[in-house]
Amino acid sequence: MNRAGYGAQTEKINLAAVKLAKEVAGQQALVAGSVSRTQLVEREGMGALEKARDHIAEQVRLLKDAGVDLLILETFFHLAEMRVALQCAAESGLPTIATMSFRPFITQCTDGHAPAECAKVMADHGAIAVGANCEQEPRRMLPLLREMRAAVNVPIAAQPAAFRTTDDCHCFTRQPAFPDALETIQVSRREFEEFGRLARTEGLGYVGGCCGCNPAYIRALARGLAEKQ
Ligand SMILES: [Zn+2]
């Protein structure tokens with residue numbers, strides 16, 4: 001927010017976002033507050049973790065004060081920063097879902113931890129569901145979700161991207177099409193419908209969509225999920 005010139009409005013923007021979501025959710029749905037990585041670790045290294053903690057704690061506090069029902073910690077590249085975020089979330093007392101993003105390969109996160117290890121650490125720090133979001137389309141994300149599922153007893157959460165990745169590079173943000181030709185690697189809504197079907201058989205307890213998804217994708221996902229087996 002600071003870098004975009006909106007730092008002074010951080011509180012106002014968070015409050016307005018939660019207020020809008022709560023109005024739409026009414027009594028029908030819960031409202032989650034999203035908390036993501038600060039980007040300080042990528043820019044300044046692990047020495048910036050305590051500065052990151054201050055930013056994350058502030059975001060969690062604003063979301064809690066605005067009345068969210070739960071938190072989703074998402075799009076963390078470093079497990080070390082996720083751990084800090086989970087500590088901030090635990091202090092808030094809000095139920096927390098935690099998902100890492102894996103790039104350039106699904107085999108490990110940026111600070112070198114395998115999906116199973118990430119899942120264990122996130123569950124041990126109190127996350128009520130753990131998993132992955134962003135970077136891969138559903139088909140490519142599935143193998144890493146299975147690794148996580150085998151490692152923990154909490155539900156597995158998955159919010160794939162809607163962009164196709166390759167065997168050489170398992171993330172869409174490093175494909176040549178990123179960012180100005182993403183339309184050329186968009187996956188279809190049908191793939192999200194199929195993912196909805198798979199979510200049941202694969203035992204995924206929380207599913208959604210990340211970059212490239214719009215409401216039509218979520219509708220397709222819900223249709224697949226609701227189908228009788
Ligand atoms: Zn995303």
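Both counts, for ligands and for their atoms, begin at 1 and track the order of listing.
For the Zn ion (ligand 1), the set of protein N/O/S atoms nearer than 2.8 Å consists of Cys134 SG, Cys210 SG, Cys211 SG, ordered by chain and number.
Using bins of under 30°, 30° to 60° and over 60° for the plane-to-plane angle, the ring pair Phe163/Phe172 lands in the tilted bin.
Contact record, Gln136 with Phe102: NE2-O, 2.7 Å, taken as the closest heavy-atom pair. Looking at every heavy atom in both residues, Ser101 comes nearest to Cys134 through OG-CB, 3.7 Å. Listed here is the closest heavy atom pair of Leu145 and Ala158: CD1-CB, 3.5 Å.
The number of heavy atoms from other shown groups lying within 6.0 Å of CZ (Phe178) is above 12.
Partners of Asp167 by salt bridge (Lys or Arg N to Asp or Glu O under 4.0 Å), not counting sequence neighbours, listed by chain and number: Arg140.
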